[in-house]
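Owing to the predicted nature of the structure, the values given are computational and were not obtained by experimental measurement.
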Amino acid sequence: MITLNVGIAIVWWWQSRSQPVQDRPMVMMSSIDLQWGSADLGAVARGEGKSDPLFVRLDQDRQIIMVDNVAQLQAAKAKVAMLVQPRPFTPEELARLDHWVQAGGRLLFFADPALQWPSELPFGDPARPLFTSMHSPLFAHWGLELVLPIDPDATTSETEAKVGKQQLRTISPGQWLALKSGSGNCRIAEGGLVAECRPGKGQVILVADADLLHSALWQSALPGGDSSPNMDWTMQLLDRLERGRRLVGQRGEILE
């Protein structure tokens with residue numbers, strides 16, 4: 001039985017990697033300009049915009065559909081969506097996103113309580129990446145609270161977080177706490193960096209850090225490899241969502 005399961009997993013992995021990119025659409029939304037960087041509209045029109053390494057890596061594997069609001073996310077008709085520290089949502093948008101998940105949507109949500117992502121834009125510029133996630137009403141609706149643990153003895157904000165077999169590099173990561181009420185059927189992984197919810201027919205994987213997606217934490221100076229497994233882990237999460245496989249077990253263990 002074990003050999004059969006391993007064989008099935010290998011076949012699925014090969015088939016998913018051999019699928020054309022256009023057959024693997026994924027909606028993406030972020031307050032970080034991942035597609036064009038900090039280029040203005042004129043520079044973008046001249047083809048001078050430069051995509052973030054995160055966007056480049058994901059674009060090699062999936063058809064990325066960038067959207068600005070939840071209504072566009074719904075209209076895209078994609079099964080999987082990835083939110084990376086998105087802008088604040090209106091109450092209507094929060095309800096729309098919950099409805100999309102409840103109806104069967106699969107969501108990977110990176111929510112950071114203290115984003116350290118570098119930006120050339122001045123402080124106060126509304127186009128700067130959102131410093132702290134402002135989606136608490138939705139998290140609370142599902143039964144979660146996002147907090148920022150403070151370690152007075154820490155000498156740097158960069159740290160390592162063990163998630164299952166992976167040793168991830170992060171900066172000032174947050175933590176998920178369980179609330180007494182909520183409709184998300186959520187489980188929090190050991191350590192609190194990751195949570196998984198099953199609202200309605202859908203599935204949500206929530207990560208309490210977005211900085212781990214910044215290329216400085218995973219991109220190697222040498223070609224042909226990464227300095228950390230952050231991006232491979234992210235791709236695995238997207239594949240898991242596509243298949244609808246659980247990530248967090250009943251005791252908070254990461255399911256392999």
| query | Can any side-chain N or O of Q116 pair as donor or acceptor with the backbone N or O of A114 at less than 3.5 Å? | reply | yes
| message | Counting C-beta onward and ignoring hydrogens, is there a side-chain heavy-atom pair between D209 and L168 closer than 4.5 Å? | response | no
| message | Would you say that V101 contacts F109 through its side chain, given a criterion of any heavy-atom pair below 4.5 Å between the two side chains? | response | no
| Is it true that atom CE of M134 has more than 12 heavy atoms of other residues, nucleotides or ligands lying nearer than 6.0 Å? | no
Acceptor/donor pairs from residues 197-204 side chains to any protein atom, 3.5 angstrom cut, sequence neighbours excluded:
{"unit_1": "R198", "atom_1": "NH2", "unit_2": "G244", "atom_2": "O", "d": "3.1"}
{"unit_1": "Q203", "atom_1": "NE2", "unit_2": "E196", "atom_2": "OE2", "d": "2.8"}
{"unit_1": "Q203", "atom_1": "NE2", "unit_2": "R245", "atom_2": "O", "d": "2.9"}

| task | Taking the side chain as every heavy atom from C-beta outward, state whether V27 and W100 have any atom pair closer than 4.5 Å. | result | no
| note | Scanning both residues in full, the closest heavy-atom pair of S51 with V56 reads CB-CG2, 3.9 Å
| query | Looking only at atom types and distance, does a side-chain atom of S157 sit under 3.5 Å from a main-chain N or O of I171, one as donor and one as acceptor? | reply | no
| said: Using the rule given for side-chain contact (heavy atoms from CB on, under 4.5 Å), can you reason through M29 versus Q72, listing the C-alpha separation, both sets of side-chain angles and the distance that settles it, and then say yes or no? | reply: CA-CA 10 Å; M29 189 190 313; Q72 292 175 352; over 6 Å; no
| query | Under a 4.5 Å cut-off applied to non-hydrogen side-chain atoms, are L206 and H135 in contact? | reply | no
Validation: residues 137-147 side-chain donor-acceptor distances under 3.5 Å, sequence neighbours left out:
{"unit_1": "H141", "atom_1": "NE2", "unit_2": "D98", "atom_2": "OD2", "d": "3.2"}
{"unit_1": "H141", "atom_1": "NE2", "unit_2": "S183", "atom_2": "OG", "d": "3.3"}
{"unit_1": "W142", "atom_1": "NE1", "unit_2": "D98", "atom_2": "OD1", "d": "2.8"}

| Does any N or O in the side chain of S227 come within less than 3.5 Å of the main-chain N or O of W218, such that one atom is a donor and the other an acceptor? | yes
| message | Donor-acceptor pair, distance only, cut-off 3.5 Å: does the side chain of R106 make one with the backbone of R240? | response | no
| task | Work out which heavy atom in L107 is nearest to a heavy atom in L83; give both atom names and the distance. | result | CD1-CG, 3.6 Å
| request: Keeping the roles fixed (side chain from Q166, backbone from V163), state whether a donor-acceptor pair exists under 3.5 Å. | output: no
| query | Do E93 and R87 come within less than 4.5 Å of each other through their side chains, counting heavy atoms only? | reply | yes
| query | Can you tell if the side chain of R187 reaches within under 4.5 Å of the side chain of R246, non-hydrogen atoms only? | reply | yes
| task | Enter the distance from E158:CD to L217:CG here, rounded to the nearest 0.5 Å. | result | 5.5 Å
| message | Would you compute the distance between atom CD1 of I205 and atom CG of L241 and round it to the nearest 0.5 angstrom? | response | 4.0 Å
| request: Show your reasoning for whether side-chain contact (heavy atoms from CB on, under 4.5 Å) applies to L148 and T132. | output: CA-CA 10 Å; L148 177 64; T132 187; over 6 Å; no
| query | Rounded to the nearest 0.5 Å, how far apart are CD of E242 and CG of L108? | reply | 12.5 Å
| field | Where I65 and P25 come nearest, the two heavy atoms and their spacing | value | CD1-CB, 4.1 Å
| Does D211 use its side chain to pair, donor to acceptor, with the backbone of W117 at less than 3.5 Å? | yes
| message | Taking R169's backbone N and O only, do any of them form a donor-acceptor pair with S228's side chain (distance below 3.5 Å, no angle check)? | response | no
| said: Other residues, nucleotides and ligands only: do more than 12 of their heavy atoms fall within 6.0 Å of CD on Q250? | reply: no
| Would you find a donor on one side and an acceptor on the other, under 3.5 Å apart, between the side chain of Q85 and the backbone of D112? | yes
| In the single-linkage hydrophobic clustering (I, L, V, M, F, W, Y; side-chain heavy atoms under 4.5 Å), do F110 and M235 co-cluster? | yes
| message | With a 4.5 Å cut-off on side-chain heavy-atom distances among I, L, V, M, F, W and Y, is there a chain of contacts connecting L212 to M82? | response | yes
| query | Under 4.5 Å between any side-chain heavy atoms of L34 and L58, yes or no? | reply | no
| query | For the atom pair CG (D59) and CD1 (I64), what is the distance rounded to the nearest 0.5 Å? | reply | 4.5 Å
| remark: Scanning both residues in full, the closest heavy-atom pair of A111 with S133 reads CB-OG, 3.7 Å
| Cluster question for you: counting only ILVMFWY and a side-chain heavy-atom cut-off of under 4.5 Å, with indirect links fine, are M26 and M231 together? | yes
| field | Given D226, T234, D52, the one that forms side-chain hydrogen bond (donor to acceptor under 3.5 Å, both in side chains) with R57 | value | D226
| Are the side chains of L213 and I32 in touch, meaning some heavy atoms are under 4.5 Å apart? | no
| remark: Correct closest heavy-atom pair for I188 and A178 would be CD1-N, 3.3 Å
| said: I'd like to know if the side chain of E92 and the backbone of T90 have a donor-acceptor N/O pair within less than 3.5 Å. | reply: no
| request: Please round to the nearest 0.5 Å and tell me the distance separating atom CG of L238 and atom CZ of R24. | output: 8.5 Å
| said: Do V207 and I254 sit in one hydrophobic cluster, given that two such residues count as connected whenever their side-chain heavy atoms are within less than 4.5 Å of each other, even indirectly? | reply: yes
| field | Closest heavy-atom pair and its distance - P113, A208 | value | CD-O, 3.8 Å
| query | For the side chain of S119 and the backbone of R128, is there at least one donor-acceptor N/O pair under 3.5 Å apart? | reply | no
| query | Under 4.5 Å between side-chain heavy atoms, hopping through other hydrophobics if needed: is there a path connecting L115 to W176? | reply | no
| Can you tell me how far OG of S30 sits from CG of L130, rounded to the nearest 0.5 angstrom? | 9.5 Å
| query | Taking it one step at a time, do M28 and L54 satisfy side-chain contact (heavy atoms from CB on, under 4.5 Å)? | reply | CA-CA 12 Å; M28 193 170 189; L54 168 64; 4.2 Å; yes
